Amino acid sequence: MQHTLRSFDIALDELNDRIGMMFKLVRKNVRQCQKAFENRDSALAKTIIDRDAVLNDLEVGVDEAARQLIVHHQPAASDLRFVFAATKIVTDLERMGDLTRNIAGLIQQQNNIEQLAPDVLKSMTELVVEQLKMARRAFMRRDTQLARQVIELDNSIDNLFINDQRALLTHMAESPELISTCMRLSNILKQLERIADHAVNTAEMVIYMVMGREVRHISRQELMELLGEDDDED
Amino acid sequence: MQHTLRSFDIALDELNDRIGMMFKLVRKNVRQCQKAFENRDSALAKTIIDRDAVLNDLEVGVDEAARQLIVHHQPAASDLRFVFAATKIVTDLERMGDLTRNIAGLIQQQNNIEQLAPDVLKSMTELVVEQLKMARRAFMRRDTQLARQVIELDNSIDNLFINDQRALLTHMAESPELISTCMRLSNILKQLERIADHAVNTAEMVIYMVMGREVRHISRQELMELLGEDDDED
Amino acid sequence: MQTSDVFIWLTVVLAALGTVAFWLCRQRVLAAGGLADIHSRPGYYGWYGVLWLLLPALSLGLVLAGLHLFHLYSLSMNGIFISCVVAGCLGFVRAYRLVEPRFRARQAVEAIVRGLLFVAAGISILITIGIVLSVLFESIRFFQVVSFWDFVTGTRWEPDTAFLIGAGRADEGVAVPHFGSLPIFAGTFMITLIAMLVAVPVGLFSAIYMSEYASHAWRNRLKPMLEILAGIPTVVYGFFAAITVSPLVVELAGKFGLEADYTNALAPGLIMGIMIIPFMSSLSDDVIRAVPQALRDGSLALGTTKAETIRHVVLPAALPGIVAAFLIAVSRAIGETMIVVMAAGLRPNLTANPLEGMTTVTVKIVEALTGDQEFDSAFTLAAFALGMVLLLVTLTLNIISALVVRKFSQRY
Amino acid sequence: MQSNNAALKRRYRADVRFRWYGLIALGFAISFLTFFFISMIGKAWPALTQAEVKVNVHYSEAVIHNYNKAVGKKDRRIVSKYWLRGLPRMLKAHPEMLGTSEERWVLAESRVDQYLKGHEGHGLKSKYRKRVDELKAAGKTRMVFNTGLFSHGDSKLPEAAGIFASAIGSVLVLLITMALAVPVGVMTAIYLEEFAPDNRFTQTIEVNINNLAAIPSILYGLLGLAIFINFAGVPRSSALVGGLTLALMTLPIIIISTRAALRSVPESIREAALGVGASPLQTVWHHVLPLAMTGILTGSIIGLAQAMGETAPLLIVGMMAYIPEEPHSILEAATVLPAQIYTWSSESLRAFEERTAAGILVLLMVLLSLNALAVWMRRRAEQSW
Amino acid sequence: MDNKATVKIRIRDLKLWYGESEALHGITLDISANSVTAFIGPSGCGKSTLLRCLNRMNDRIASCRVQGDVLINDQDIYAADVDVVQLRTHVGMVFQKPNPFPKSIYENIAYAPRIHGLASNADEMDVLVEESLKKASLWDEVKDKLDQPGTALSGGQQQRLCIARTIAVRPDIILMDEPCSALDPIATAKIEALIEELKQEYTIVIVTHSMQQAARVSQQTAFFYLGDLIEYGETGQIFTMPKEQRTDDYITGRFG
Amino acid sequence: MDNKATVKIRIRDLKLWYGESEALHGITLDISANSVTAFIGPSGCGKSTLLRCLNRMNDRIASCRVQGDVLINDQDIYAADVDVVQLRTHVGMVFQKPNPFPKSIYENIAYAPRIHGLASNADEMDVLVEESLKKASLWDEVKDKLDQPGTALSGGQQQRLCIARTIAVRPDIILMDEPCSALDPIATAKIEALIEELKQEYTIVIVTHSMQQAARVSQQTAFFYLGDLIEYGETGQIFTMPKEQRTDDYITGRFG
Ligand SMILES: Nc1ncnc2c1ncn2[C@@H]1O[C@H](COP(=O)(O)OP(=O)(O)OP(=O)(O)O)[C@@H](O)[C@H]1O
Ligand SMILES: Nc1ncnc2c1ncn2[C@@H]1O[C@H](COP(=O)(O)OP(=O)(O)OP(=O)(O)O)[C@@H](O)[C@H]1O
Ligand SMILES: [Mg+2]
Ligand SMILES: [Mg+2]
Ligand SMILES: O=P([O-])([O-])[O-]
């Protein structure tokens, strides 16, 4: 239902849209990282780094908008949960932005990393991009099931990351000359893993926003119970 | 001045105290990490890891308290800035807690890391602990000068980190058998560096809280101008 | 004992007994329980005793006095006195025995007082019934003699011979009396009309000036002055109209070449109008001032002048009240007696010329009832018939005005 | 925003005109009032003095049987018959004066009085006029303050007529009115305003009361006549019947003003009292009545003032009879001031006219003081709120 | 104070009619001792009506008929043998517009204790008056002018005087019907601070139009709509996570 | 709408006395066109007084004396040649309590245009009435009962009727003195929504006791204290980052 005060709706919508936009930008960054990595595209990496400023501004803008919303409209109940979740999610998104910038930085210094384990990065990127897509959709649609999938997907990403990491260690032990290159690659993977973690955070805030229950530090099992096990199948 | 409504003051104070307490816990964690590292104290590491739950609870608690405060008292102006800053700072603090937990985890897996570069970790820890102390004080006293110092100290920590990192890389190249150990140490240092970054975030929020100016993504120079260059000396 | 002595003695004795009763009951309850245990404040137990003393005594007294007055049953004054006191004491004893801590004295006292208030309220009903009956019965007797139709439509009012007929001398060939009341009502109407022509504009504009234009201080001076007009007894107005105004009217009419009677309708009409000004102005002033200030502000804020605001907002808002004031003023004018008795004529006269003498309903009533006639001749009974018409007209006006007020009272 | 257009000017002119209508209306009312008082005082003024003549009086034995013998033939029509009539009684009371004679100031006959005051239509025959002129020339006439006006009852002789008896009558009637109307009226109002459930019966009473207030006073006379006199047999012309009649007439006024006073006590006061556990009766007794008291008193005073000036119903119940003596009980025939005024006003003698005016002045004075009292109290009540 | 709230007022399936029209459609509600319960809801939803059931102020309205139970301290206040006057001393009421008696400040407080015989002499009365004014946080402001009329105080002070007057008869429960709606924000804040104090000792039920006020002062909130109790719970929960959509809509400003 | 606000009302060192007491101590303030400016501050600080200076409603108070300038569209409204009646058509006012005239809804609107001759025939008047009611978001609710009395509407509708009435004379500026304080939250929200609409076309100045309301509806906020303008600025800024300590104290509830 609409608020009696149109400006309230407008303000909420704007907040919502900005966050949706940030989700998109982050996803774009992640995808472009992969591309830059594959193509040794330093210029693209530069674009990614430059885009960080946009995300930074968006973060500060969303926070300011949220504060103005609190001051102007004294949101309560579902509105308050939304505004609160927004200020939390935006921090995560900004951090994701930072992380992609880091990746881009590492890519700029790249020396043949892409030959080391091109697929590793690719599959990781794909998972993260997929996760970000789901996270955004979960947020925009207030969909807790999607949010749950985001959280579940994190498991796969973590597993992938651990495997890759182990592979890299082996690699380094085998060819010490590649250590710094491997370290960089490891770093990139690490950043991607962090992005996934932050995506999980946003999903948790979506669940809070919709259900009013804090799920930030509860066990996976509790979470599943909360969201309903039966929907697990599809 | 006091609020006419005592419960408002009580709620604000409680929020304030909880965050102060989180600062203290994080600092304690960092210090104990160093101790556990030095003494190969796996049990202490375990304590640190367990303490994370406390910080998690505190985070959720502070957020809940902040929301209740918004709902109950519709804070504006300085109160609103405080409540907003609190919800931001608490995220950083919780993350710091996670990072110390990570360090403790790495320490548990330790094999002779401490012999590698005991001083490195020590000096880094000292700086971070000092920074956290200042950050807490800046927050509790609403002191922007202290907050500035927190931010400045981050430079030293970053430099130290880069040097250490470089040293470790050299080390790894020299003794490939130590690669995974070095990687862990590098990781620990990385976590400490992240803690320092988060401390900077809290300091930035303190500045916002006091002055009402967002300083999150502005250049160091702008920041210094804002806070008054003349105070730089002392 | 004299009647007045009984009054005095009864007052003295009952007052003394009452004091004792109050004290006795209060002590009895206090002796039986502490302050915390007793249901009501101790005074209520006292009052309970007092009421049970006074009520039986006084009501018996009233009944006995009534019986005496209506010559139904007579007791000597001493007898009345003694039986009253005895009744009071019996009542008190009953009350005294009921007094104990759990007794709800406050409720009991309040129930009694409430009953008394109710009885008082009932009296007004009795008065109305009394008036209606008194007028109705005699009117019915009148209409048994005179046809209602003739009374209402007849144009000749020549009742003088009626009392001869009433005295059983109808067969002596006296002229047939006529009870055509039309000229009387026409006279009443004419004088009322003149009065309203004076009172309405003067009263209304005075009210507007006082409530809208005059400063607070001036208003406080002007309003009592106008109210003096209402405080002057009608007999004085009548005197003034007859002695001062009527000659003046005759003189002035003469100057214009017109001929006026000394009992012309103009003089009493004018004076009656003046008498009514304060009714009009005070009531209008009240209703105009009752129009919320917010409405004036609202109108002025739209860029209207003061007069526009008054004409278009204040007066329409106050209109129901003004109409009610007007109707009440009309009914005053119709029922007004002394001015017309003293200044208007006695001769019924069906004319539209206010300079001629004419008479009114009230004049005829007074004329009929202040003579020495028997009360049951048609001549005197006619007064009651006229009275009934008067009653009906004023009641109708009053009810209409009440309806007007009620219909519009929720408007702001 | 300059006021230069014609329409606006027209609107402002209308504004000014409107204000003038009000001023004119007020001016009319107030000039009437002034005219009225001036003319009334002018008429009444002469009545405050009374002519006396100095004549020789012989207190002979014969006077006891024929009081006319007390003064010389020339003076018989000049001195007041009223004074002459009183002589036998005085001589019986003071036998020692028998046989003496003196020259003394004596109340003059009303026509002489009028003549001396120089009024037109004094009605004094020319032969007496000459005698009066003589006396006047000899300094044997004088004007004194007319104490008789205040101490005598009514009389057919204008020079002896006073308002005393009617004033006493008025007081008696008012006492009865007050004793009946005020308590019953106030109690009725309290019942209706504070306790009555909102049902048919209450509504009937309310409608009744409003109607009663609007009924012309003369109908109360009819009521008194039909019920008190014809039915209950209360003596005609008595203060009791007058008081009863006026009480009925005053009752609705008192009820209505008391109700208004009670209603003007804000509902919040009642809620406050009930809210702290006062019973309804305590609420009324402790809070509402004290606050409404000035209003109730004001209403009662106005009601009584109206009753005091009322004439018509009293005419109907016979209180315009000729009553020279003040009444000693409420059952005796009595008259009241306004009725006295009415009776005098219908007398044909010129001397009665000024007495009427004087009576009116006295009545007005009393009534205006009562009304002033009411106004003052009302204003005080307004201030205290 | 311990958190385990004892129930002070039990309302069970309370229905109320004004003449033919049903204004309350079966309300069931438990009100805890020593806490503040707020009634909120759109105009005409029956908040005041329900409040006035709790001290039977509705008895004054002839057309008003009640069905169901209201138990205060487990006693049915609509039972036949209940003395309304006594009930009202136990359940005090503070009204929307401050309504001090037009008497001195002292007399305003002393009136009710006097008719209830709560003080046996003048000294006791002085103590009682002082105590009540202190509890109402008004003593310091008026102690030097106790003989001045209560109506000469400012609006906020008058309202506190009314609260002191209510306290003076030592009630258990204080009902407040929009007690701040005639006051400015500063006076309102003072009353709210006072309510916060009073809940230590009294059970307070407050009707308010201001959701913010309900959020500030109350521990429990009941949301009414068209004579129905839609939702009742902890204030914090109602304002952050209401269970009912209608509550959410009302609280977030999405109504009508 | 473009953001570069043009100044509509210039207040320059405005002082105002009621008799001997100075109620405004030299206010200087610029009010922008097509935006909502809110006046806030504790009771008696002179908000209403200043507002009523802007259409010279204060002229009605005999004891009131003004010094300094108020310029509307760069014209001094206190100049000798200014016609108050005409001024008030340019500067409409809406009052605290809805005060519709006791006439039909139609007549409520048509009254002032008729006096000012804004419609030359009945059809034009119909159009004007409809237009005004539409602008006041009331048309849909009343279009079928234009001949019913305006007083029969609900409080919120009445207030919108008053706004429509003001709009009908085509003012530039609308002054509102606590226009929602007599309304319940839902009606208040509707009025606020209306104000939001109206600021597209009109310059609106609103006095409000509710800081939340000021925050919701206004673009600029002026904080007054004891007859002084303490702070004036963007609403968002005033409520998050006031420059003056007193503003912060008032806004955060630390006053008195
Ligand atoms: N004395 C009464 N007679 C008839 N109906 C009444 C009476 N008092 C209230 N009502 C009706 O009962 C319903 C509930 O009224 P109530 O006063 O309890 O509402 P409320 O929630 O307090 O509203 P508000 O917030 O406007 O005070 C309304 O529909 C009202 O019209
Ligand atoms: N007509 C008047 N005569 C004398 N003094 C007045 C008058 N109107 C207001 N005042 C005084 O001027 C000061 C400012 O009053 P104003 O009504 O402007 O305050 P406000 O800020 O609107 O307060 P509120 O929020 O209570 O409406 C107050 O001290 C008040 O007492
Ligand atoms: Mg950044
Ligand atoms: Mg209510
Ligand atoms: O800085 P983090 O992304 O590790 O929280």
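To find a chain, count down the sequence lines: A is the first, B the second, and so on, and within it residues start at 1. Note that the structure is predicted; figures quoted are calculated from it, not measured.
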Which atoms of [X] approach chain D - backbone, side chain, both or neither, heavy atom under 4.5 Å:
X        : value
C/Phe118 : both
C/Val113 : side chain
C/Val245 : neither
C/Val341 : side chain
C/Leu397 : neither
C/Ile328 : neither
C/Glu227 : side chain
C/Met225 : both
C/Phe137 : neither
C/Leu226 : side chain
C/Ala383 : backbone
C/Leu270 : neither

task: Taking the side chain as every heavy atom from C-beta outward, state whether C/Phe205 and D/Ile24 have any pair of such atoms under 4.5 Å apart.
output: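 When only atoms from C-beta onward are counted, D/Ile24 and C/Phe205 do not touch, as no gap falls below 4.5 Å.
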
message: Centre-to-centre under 6.0 Å for D/Phe37 and C/Phe240, is that the case here?
response: no

Flag the one option from [options] with the top tally of heavy-atom pairs under 4.5 Å to chain C.
options                                : value
D/Ile218, D/Val184, D/Asn371           : D/Ile218
D/Glu353, D/Gln306, D/Met308           : D/Glu353
D/Val375, D/Leu248, D/Val317           : D/Leu248
D/Gly221, D/Ala305, D/Ser345, D/Ser279 : D/Ser279
D/Asn210, D/Thr202, D/Leu222, D/Leu315 : D/Leu222
D/Ile209, D/Val186, D/Thr356           : D/Thr356

field: Most chain D-contacting option - heavy-atom pairs closer than 4.5 Å, from C/Val109, C/Ile334, C/Thr244
entry: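 So the answer, after comparing C/Val109, C/Ile334, C/Thr244, is C/Thr244.
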
- prompt: If you round to the nearest 0.5 Å, how far is CG of C/Leu117 from CD of D/Glu193?
  reply: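 If we round to the nearest 0.5 Å, D/Glu193:CD and C/Leu117:CG are 12.5 Å apart.
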
message: Using 0.5 Å steps for rounding, measure from the CD atom of D/Gln282 to the CD atom of C/Glu110.
response: 6.0 Å

- request: Please check if the side chain of D/Asn211 supplies one atom and the backbone of C/Leu395 the other of a donor-acceptor pair under 3.5 Å.
  value: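 Checked: no pair found.
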
message: Would the distance check show the side chain of C/Ser134 and the main-chain N or O of D/Ile227 forming a donor-acceptor pair, the cut-off being under 3.5 Å?
response: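 Such a contact is absent between C/Ser134 side chain and D/Ile227 backbone.
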
